[in-house]
Amino acid sequence: MSHPYIPNSVERVKREMLSYIGVSSIEELYASIPEEIRFRGKMNLPEPLKSEYELYRHMREILSRNITCEDYLCFKGGGTWPHYVPAICDEIAGRAEFLTAYAGDPYEDHGRWQALFEFESLMAELVDMDVVTVPIYSWGHAAGTAMRMAHRINGRREVIIPRTISPERFLVINNYVDPALKLIKVDYDRETGMIDLEDLKRKISRETAAVYLENPSYLGFIETGGKEICEIAHDSGAICIVGVDPSSLGVLEPPSHYGADITVGDLQPLGIHMNFGGGLGGFLATRDEEKFIREIPYRMFGLAKTVKEVEYGFGDVLFERTSFEKREKAKEFVGTAAASHGIIAAVYLSLLGPKGIRELGEAILQRSMYAMKVLSSIDGVKAPKFRAPHFKEFVVEFPERKSVEEINKELLKEGIFGGIDLRKHFPELGNSALYCFTEVHMKEDIDKLADALKRILG
Amino acid sequence: MSHPYIPNSVERVKREMLSYIGVSSIEELYASIPEEIRFRGKMNLPEPLKSEYELYRHMREILSRNITCEDYLCFKGGGTWPHYVPAICDEIAGRAEFLTAYAGDPYEDHGRWQALFEFESLMAELVDMDVVTVPIYSWGHAAGTAMRMAHRINGRREVIIPRTISPERFLVINNYVDPALKLIKVDYDRETGMIDLEDLKRKISRETAAVYLENPSYLGFIETGGKEICEIAHDSGAICIVGVDPSSLGVLEPPSHYGADITVGDLQPLGIHMNFGGGLGGFLATRDEEKFIREIPYRMFGLAKTVKEVEYGFGDVLFERTSFEKREKAKEFVGTAAASHGIIAAVYLSLLGPKGIRELGEAILQRSMYAMKVLSSIDGVKAPKFRAPHFKEFVVEFPERKSVEEINKELLKEGIFGGIDLRKHFPELGNSALYCFTEVHMKEDIDKLADALKRILG
Amino acid sequence: WEEPIVFELSNEGERGILIPVDDKIKREVGDVLSSIPEHMRRKDPPRLPEISQMRVLKHYLRLSQETLGADLNIDIGQGTCTMKYSPKVNERFVSMVRELHPYQDEETVQGALEIMYKLDLFLREISGLDRFSFQPGGGSQAIFAMASIIRAYHKKRGEDRDEIITTIFSHPSDAAAPAVKGFKVITIYPDPETGIPDVEALKAAVSRRTAGMIVANPEDTGIFNPRIKEFCDIVHEAGGLCGYDQANANGIIGIVRARECGFDMGFFNLHKTFSSPHGCGGPAVGALGVRKELETFLPVPVVDYDPARKLYYLNYDLPDTIGKVREFYGVFPVVVRAYAWIMALGEEGLKEVAEIAVLNNNYVMHRILREIRGADISYPANKRRIEQVRYSLKKLKDETGVGAEDVIRRMADFGFHLWTSHHPWIIPEPLTIEPTESYSKEELDEYIEALKEVFREAYEEPETVINAPHRSVIHKIEDNSWFSDPKKWSITWRLFLKKHGGKL
Amino acid sequence: WEEPIVFELSNEGERGILIPVDDKIKREVGDVLSSIPEHMRRKDPPRLPEISQMRVLKHYLRLSQETLGADLNIDIGQGTCTMKYSPKVNERFVSMVRELHPYQDEETVQGALEIMYKLDLFLREISGLDRFSFQPGGGSQAIFAMASIIRAYHKKRGEDRDEIITTIFSHPSDAAAPAVKGFKVITIYPDPETGIPDVEALKAAVSRRTAGMIVANPEDTGIFNPRIKEFCDIVHEAGGLCGYDQANANGIIGIVRARECGFDMGFFNLHKTFSSPHGCGGPAVGALGVRKELETFLPVPVVDYDPARKLYYLNYDLPDTIGKVREFYGVFPVVVRAYAWIMALGEEGLKEVAEIAVLNNNYVMHRILREIRGADISYPANKRRIEQVRYSLKKLKDETGVGAEDVIRRMADFGFHLWTSHHPWIIPEPLTIEPTESYSKEELDEYIEALKEVFREAYEEPETVINAPHRSVIHKIEDNSWFSDPKKWSITWRLFLKKHGGKL
């Protein structure tokens with residue numbers, strides 16, 4: 001019986017085609033594969049669920065073993081954050097045309113080019129820089145590229161990064177810049193979480209290719225010393241790279257305003273579902289300065305005119321930088337990464353507009369500050385741990401009598417995913433967890449968390 | 001603040017437009033509405049949930065108070081049946097273009113016309129008749145129309161219908177044909193459920209406009225006497241109308257083969273979700289005979305050629321029949337009914353093809369026969385109640401010690417929606433329920449039902 | 001795309017989807033076909049096409065791209081029932097109620113029943129009426145339900161009244177549906193100057209035979225009959241009931257209500273004023289409301305709340321019920337969308353909807369009248385219009401030979417839709433434009449500019465318009481005999497093969 | 001559509017969506033902005049456009065219609081990585097995992113972990129390798145991960161090897177990603193007759209500096225290197241590791257495996273061979289598999305099953321791990337689709353996929369060679385091709401002046417896609433066609449007919465091809481200075497405004 005996914009599996013058609021080709025069996029078409037390496041065994045795979053209904057039933061059954069963040073309250077962030085995804089983002093992401101397009105040319109896939117050009121342009125406004133690339137895998141990868149760009153520009157081999165960086169992201173960057181660059185961690189102020197400027201000055205040198213900082217930081221505080229840090233970096237000839245959560249940019253200054261040469265970050269907060277951590281999309285922005293642009297490895301879609309007047313066309317700017325053109329001589333490499341997340345982010349930013357993005361920032365600030373208020377009213381709880389302004393996330397320190405792990409287990413029973421346990425990566429912070437509050441948390445949710453914690457700790 | 005759904009609610013734009021019109025306020029544009037009937041009060045409506053997230057949260061909360069037929073096992077049919085809806089049916093139904101189109105003309109909405117023409121054409125093959133109309137509200141409405149057509153054709157004022165007709169459908173038909181026609185119920189054989197041919201012969205007369213029967217019947221048995229019934233009808237000059245469940249037509253003869261002049265039925269089994277009973281769509285088919293076609297009140301899309309060679313165009317056949325053209329002089333009336341369900345049914349039939357529709361019929365037969373086997377093995381249970389061939393549904397008679405109502409309450413606790421309680425409408429069938437089995441029920445489901453019933457009755 | 005008819009894609013042996021076979025069951029029951037008597041078993045399989053899955057998908061996706069939905073288009077040329085924006089988020093809610101069976105135990109559908117109950121409450125506020133049913137599957141069926149209630153009402157009172165009055169610019173079904181219900185229909189024409197239905201004609205029409213009146217207001221011309229209360233009073237005095245066709249209430253929600261106008265019942269098309277999308281022509285809901293006195297006549301069931309059991313339930317206990325007009329309780333997804341839409345807008349939002357719809361309409365009318373030579377409105381002496389305007393291209397036709405249908409076809413070349421059907425053509429060469437509140441000024445301007453261009457062409461190069469479309473999906477259909485000649489009409493593919501051998 | 005750039009739709013005051021404000025919270029916390037120090041507070045709002053919801057929707061819907069997805073198109077002209085049919089039902093499954101957070105407790109994501117675990121098992125069968133990671137977000141990142149493993153492997157063994165060997169018809173990233181990892185890249189060219197990588201060149205290339213080899217097979221020419229095992233042996237003998245670029249394994253799944261060929265590791269693009277849709281260029285998964293000996297080098301975490309606790313869990317305990325190449329565990333929706341796709345096909349189905357892909361490709365090749373004047377294949381002496389063919393239009397170019405890029409642009413007029421980028425142009429005027437198993441013979445024929453027509457035009461009316469497209473969404477771009485001149489390039493709308501005053 002012919003399979004619905006394989007039209008030419010119909011026997012009659014197979015025979016017709018074989019006869020056109022002039023061979024008697026498909027086997028003959030594999031004649032270039034020597035018998036010694038041919039796989040003649042049977043792959044041990046489950047019996048197929050050929051009818052769509054059986055497949056659906058099987059998948060529904062297996063997926064019902066998950067509990068989602070719509071079933072439970074989720075206060076986890078740390079690189080993938082719970083946000084509300086507008087229905088129109090899903091609608092556009094799900095359009096068959098966008099979903100199943102690949103590397104179409106500027107003519108027959110004009111829509112895809114325009115959408116990604118608009119992504120670049122909208123992000124450029126958000127970070128207030130002139131150049132944004134087509135999206136890349138993730139924040140970590142984009143940060144790694146920014147550091148390698150710095151290295152290619154100034155030839156130096158060290159990058160200073162904050163000790164408060166996300167452990168996930170650190171591992172990504174660390175592998176990506178190895179062996180070209182060495183990462184040096186700068187310490188933080190135990191009171192405020194901020195980068196220790198004295199330590200920075202100690203560690204910076206003529207070998208420093210770049211200084212990297214994040215705003216808001218992984219631990220949720222706002223690095224208010226951005227300007228000083230960038231100045232220190234620039235003074236010693238280093239490039240300043242800032243990683244940023246774009247959902248903060250309605251209320252926080254974009255890094256370009258305090259000295260960033262390259263801004264990177266993740267698109268996930270901009271209308272992309274968490275997808276078990278699969279919702280990432282890195283962005284990279286810089287100035288319209290050749291020195292920088294020629295070192296960007298990713299694709300950049302640029303506007304152009306066609307032979308017809310008043311018609312926008314699009315194409316690749318400086319395509320010869322890329323590995324498609326230059327193989328190992330290229331600036332790093334480029335391939336399938338996260339284009340559709342870029343289109344979704346474009347839809348999201350178009351929906352929010354300047355007022356929406358500001359309201360989003362305010363809404364997140366309101367939730368976090370309210371959460372600080374009610375959580376810190378619980379006996380023995382310190383929220384936030386750092387004396388600093390925060391955005392979206394902050395460290396909550398619990399009394400030692402119950403470990404974060406135990407607390408989280410008990411929260412789970414109440415239908416709550418508690419904050420991220422920080423003890424493995426930040427033992428110096430004590431019995432602490434990283435809590436995340438966004439526009440999806442209404443007062444009743446935060447009160448429910450506080451009530452549960454009171455019971456658990458009480 | 002301007003509302004996202006109302007672009008021109010921006011104050012500045014309002015003023016611009018008012019000034020163009022030359023009035024000073026919107027109020028002035030309502031000058032034709034006299035003050036005495038103006039509503040100056042405040043409608044007592046809830047505070048709006050203006051942000052999409054709050055609306056989403058509210059709706060999710062309220063809808064979480066439902067338990068769906070994916071949560072529980074559903075063995076209810078009776079006019080809306082649980083079937084598997086292929087993903088592609090949802091994909092096409094959800095396409096923004098089809099979802100939000102309305103009454104487009106043959107030029108800019110060519111796709112809609114073609115899809116509905118294809119619906120007509122595919123259904124024509126299924127029922128093996130030459131003419132099918134654009135879909136109408138429901139089976140009941142279509143049946144009512146068929147009877148009125150008969151009345152207009154032969155001028156008679158009575159219709160004979162089976163006593164085993166669905167109570168829902170009966171009420172629809174009854175109101176629809178009133179006052180033009182009188183419905184006369186013909187009795188059924190208590191053993192087999194079939195129409196009592198003797199009673200039919202008694203009741204048929206020169207006043208009989210039409211005889212109406214259903215296959216499979218509401219109670220699930222196959223009316224095997226279709227041919228004789230149609231002959232009796234034709235012999236006395238009446239028109240024979242048969243209502244049919246289209247999912248049976250891969251294995252059952254289409255009514256046109258045993259004498260039906262008009263075939264009607266519901267599209268819901270063809271890829272349309274149950275939607276709490278909102279998944280209906282009536283169809284009406286007949287021969288390519290002017291006498292019949294000119295009496296059809298609904299729209300019929302026909303193929304045509306355009307001025308460009310080899311290009312299909314579409315248009316309304318005999319538009320002047322319709323109420324759009326003729327108002328009260330028309331054949332009944334036509335309006336917004338169930339077009340998108342027609343498109344979905346077209347997709348469904350295109351996916352299944354001749355083999356799929358037959359396999360569907362077989363799969364349903366297999367499930368029902370297996371269910372008969374395991375249910376009738378339970379002490380005191382008679383399944384099926386009627387000695388007759390069945391399709392998809394059959395009457396199960398339970399021992400009197402527990403009422404169907406009690407049984408269903410207990411089944412509910414086990415996550416099962418039991419069969420439809422027949423005691424209100426068919427008291428003569430005793431402690432009986434109408435059970436439905438389709439391709440969505442796998443062996444484990446039917447076994448689960450049987451086990452639960454054993455426990456409940458044991 | 002030059003997409004073939006689906007039958008042309010057939011390739012023997014291909015499969016689009018497979019049906020779940022349960023082998024364990026199959027082994028248990030054996031050959032099930034033999035359970036069907038030979039003469040009832042289908043012998044020749046239906047000649048459906050055989051197509052692999054991706055190709056089926058592609059076919060219907062391409063047809064969708066050849067369709068202009070309101071989501072893609074500036075759809076204001078539909079008129080009389082222009083679709084407004086249907087918020088995408090509502091589709092999420094709809095997907096949550098797909099797998100509800102209408103006969104589930106009430107405890108398991110409390111969310112669904114609550115939504116029906118509350119939407120009823122909302123519509124009571126919006127209409128001033130006292131109880132709603134969502135059973136009618138569209139406006140025409142709601143009109144039929146009203147006619148049925150009128151019949152049942154008089155029958156119960158033992159009165160034999162068989163005339164229904166309507167106006168010529170009420171929807172065609174306001175005449176057609178009562179006729180089906182056995183009524184004689186009397187149509188009131190408007191004052192030729194003002195376009196307002198003639199009260200004197202009404203007075204002449206009422207009698208002891210008058211069962212009721214069913215009218216729209218504003219009418220399809222966009223004109224609001226200011227003496228509507230007087231109309232209702234006259235009918236009431238004659239002993240009739242008054243039914244309000246509020247299919248399109250978009251210009252007046254929160255501004256004027258059925259109750260204050262004097263109506264006994266009325267209906268709203270939820271797939272219109274309350275934003276459910278139209279799906280190419282349904283399924284839909286004509287939400288039918290009545291005054292308290294008529295509640296017992298509604299189709300069964302209605303949704304009620306039992307405070308004792310804290311349970312919403314289906315109430316079948318309406319002693320005078322007309323029965324049913326459609327199986328079950330209505331097209332529930334449409335009810336869900338309407339509920340969500342009202343919840344998103346609230347009291348002020350609904351009034352804003354009406355006001356902006358009226359503002360947009362008057363803006364468009366004034367632009368067309370000032371800027372487009374050859375276009376005029378119906379009843380030009382009366383410029384007061386609510387949510388839409390029926391225009392007349394009589395002047396254009398007289399001066400250029402280009403008529404409404406030509407303009408319509410040419411607009412397709414600009415990617416716009418203008419609706420053909422406004423029969424009978426009381427207004428010569430009619431076109432109706434209704435902008436609703438959903439379009440921005442820029443979009444209205446864009447539409448008007450296209451219209452302007454077409455009118456310019458009509459004067460300067462009329463052939464361009466008359467032979468349109470030129471760059472739409474297909475070209476002009478000139479041979480209408482395929483729609484009227486029994487020897488030619490091809491309502492199905494099989495008839496096309498039989499009558500034309502599959503050749504155009 | 002002549003759809004403007006989104007900024008041009010802006011209209012001050014319009015809103016696309018509103019953000020949930022919780023008034024109760026707002027009252028409690030007051031002015032939150034003041035919590036941010038003045039110098040960190042944003043003063044000028046970002047100049048994003050202000051657009052109402054329906055218009056935003058319409059804008060992106062229209063752009064989608066101006067894009068040809070594989071769902072709409074006969075997409076075989078992509079080549080090297082043609083998208084196959086991605087079953088629509090898989091999108092249902094994806095929608096069920098949207099709201100999972102990667103740090104949820106393992107007990108609450110057992111379904112997700114089970115799918116990852118089982119897909120690992122499936123891919124082991126398909127490749128013969130011993131353990132898979134789904135972390136790489138695409139093929140290039142998987143190559144980078146392989147290069148990272150090669151580096152870590154030699155480092156652990158204390159060897160200082162810094163050369164990676166690849167072939168010219170392996171993917172550009174097979175050269176580029178190792179270079180990023182600090183390797184010197186040595187490229188092997190093929191035998192000029194057969195197109196098969198030259199084993200003598202390889203022998204000459206290996207040395208004590210050889211860290212490894214990363215190659216595709218079949219290569220982008222569609223030619224399978226029959227001596228691949230010998231290649232691996234040579235590299236192994238020199239002390240290097242062998243990495244298999246199986247991004248596109250579509251012609252050989254179930255036919256030949258990494259293990260039997262002698263590879264130590266390899267990767268599959270799930271968004272290709274395993275049918276996840278491409279989404280205009282990701283997100284994606286390059287599923288990375290290694291032999292047992294290299295398992296400890298994989299990026300953390302991998303998924304394991306603990307029979308004692310009956311629990312799937314994330315295992316971070318890989319002592320030699322390269323760390324991570326992407327945050328978290330991979331693009332999970334892609335994993336779900338690949339799992340579902342394999343479940344729908346099973347062992348025989350997968351082999352059928354490969355066989356039909358090869359059959360289709362050879363059919364297309366033979367038709368083109370026999371019927372299209374001016375088209376030839378690369379390395380015409382060797383007609384054995386697996387799943388794709390790189391063609392050469394040298395003859396066409398020489399005879400007519402019409403080159404590959406012209407043909408590509410003209411194909412857009414027929415609604416078809418042919419991909420431009422096959423740099424560097426080792427094969428003159430290259431085009432690559434890969435039909436996959438997803439298209440019917442009729443569709444392949446349709447594509448070939450269009451190609452035939454374009455070639456006919458090239459000979460008879462070359463200007464038509466050279467000036468194409470004529471009826472696609474836009475017209476030809478001739479002025480490429482906007483892509484290379486720093487004074488002109490406009491990578492964002494703001495640069496276009498700055499450099500060109502918003503004028504083309």
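Protein chains get the first letters and strands the later ones, always in sequence-line order, with residue 1 at the start of each. For the numbers below, each heavy atom of this structure counts, side chains included, while hydrogens, waters and symmetry mates do not.
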Revision key, fill the gap. Counting heavy-atom pairs under 4.5 angstrom with chain A, the leader among D:Lys26, D:Arg367, D:Glu14, D:Lys229 is D:Arg367
Check your understanding: Hey, do the aromatic rings of A:Phe417 and D:Tyr103 have their centres closer than 6.0 Å?
Key -> no
Review point. Of the listed residues (D:Ile386, D:Ile51, D:Val56), which shares the most heavy-atom pairs with chain A below a 4.5 Å separation?
Key: D:Val56
Check your understanding: Are any side-chain N or O atoms of D:His59 and backbone N or O atoms of A:Val347, one a donor and one an acceptor, separated by less than 3.5 Å?
Key -> no
Practice item. Measure the shortest side-chain to side-chain distance between D:Leu63 and A:Glu118 over non-hydrogen atoms and say whether it is less than 4.5 angstrom. Key: yes
Review point. Are any of the side-chain heavy atoms of A:His341 and D:Pro283 separated by less than 4.5 Å?
Key: yes
Point to revise | Which atom of A:Pro389 lies closest to which atom of D:Pro37, heavy atoms considered | key: CG-CD, 3.7 Å
Revision key, fill the gap. When rounded to the nearest 0.5 Å, the distance separating CG of D:Leu48 from CG of A:Leu126 is 6.0 Å
Check your understanding: Is the ring centre of D:Phe483 less than 6.0 Å from the ring centre of A:Phe319?
Key -> no
Review point. Donor-acceptor pair, A:Lys373 side chain versus D:Glu28 backbone, under 3.5 Å?
Key: yes
Revision key, fill the gap. Closest heavy-atom pair, A:Leu45 versus D:Glu125, reported as atoms and distance to 0.1 Å, is CD2-CB, 4.3 Å
Review point. Can you tell if the side chain of A:Asn8 reaches within under 4.5 Å of the side chain of D:Ser440, non-hydrogen atoms only?
Key: yes
Check your understanding: Which distance, rounded to the nearest 0.5 Å, do you find between the CD1 of A:Ile6 and the CG of D:Leu359?
Key -> 11.5 Å
Check your understanding: Shortest non-hydrogen contact from A:Ser323 to D:Pro172?
Key -> O-CB, 3.0 Å
Point to revise | Check: A:Glu125 and D:Arg494 side chains under 4.5 Å, non-hydrogen atoms | key: yes
Point to revise | Electrostatic pair D:Arg326-A:Glu168, nearest N-O below 4.0 angstrom | key: no
Review point. If you measure from CD1 on D:Ile477 to NZ on A:Lys308, what distance do you get to the nearest 0.5 Å?
Key: 13.5 Å
Check your understanding: Can you find a pair of side-chain heavy atoms, one from D:Phe332 and one from A:Met274, that are under 4.5 Å apart?
Key -> no
Check your understanding: Mind checking whether A:Tyr176 and D:Phe144 have parallel, tilted or perpendicular rings, split at 30° and 60°?
Key -> tilted
Practice item. Mind checking the CE-CG spacing from A:Met442 to D:Asp22? Nearest 0.5 Å is all I need. Key: 4.0 Å
Study note, to complete from the structure: One should read off an interatomic distance between A:Phe333 CZ and D:Ser173 OG, to the nearest 0.5 angstrom, of 6.5 Å
**Study point:** D:Arg41 vs A:Leu252, side chain to side chain contact (heavy atoms under 4.5 Å, CB included): CA-CA, chis, key distance, verdict
**Key:** CA-CA 5 Å; D:Arg41 230 177 285 157; A:Leu252 291 192; over 6 Å; no
Exercise for review: Quick one: list whatever passes side-chain contact (heavy atoms from CB on, under 4.5 Å) with D:Glu347, sequence neighbours left out.
Suggested key: A:Lys42, A:Met43, D:Lys351
Review point. Are A:Leu351 and D:Gln53 side-chain neighbours, meaning at least one heavy-atom pair lies under 4.5 Å?
Key: yes
Review point. Among A:Pro354, A:Ser64, A:Gly353, which residue forms the greatest number of heavy-atom pairs with chain D at distances under 4.5 Å?
Key: A:Pro354
Check your understanding: Less than 4.5 Å apart, any side-chain heavy atom of D:Glu91 and any of A:Leu99?
Key -> yes
Review point. Between A:Leu63 and D:Ile115, does a side chain to side chain contact (heavy atoms under 4.5 Å, CB included) hold up when you go through it step by step?
Key: CA-CA 9 Å; A:Leu63 291 171; D:Ile115 284 176; 3.7 Å; yes
Study note, to complete from the structure: Interface check, chain A: of D:Ala344, D:Gly138, D:Ser86, D:Gly254, most non-hydrogen pairs under 4.5 Å belong to D:Ala344
Review point. Does the side chain of A:Leu122 reach to within under 4.5 Å of the side chain of D:Val6, using non-hydrogen atoms?
Key: yes
Revision key, fill the gap. Value for OH (A:Tyr137) from CD (D:Glu327), rounded to nearest 0.5 Å, stands at 13.0 Å
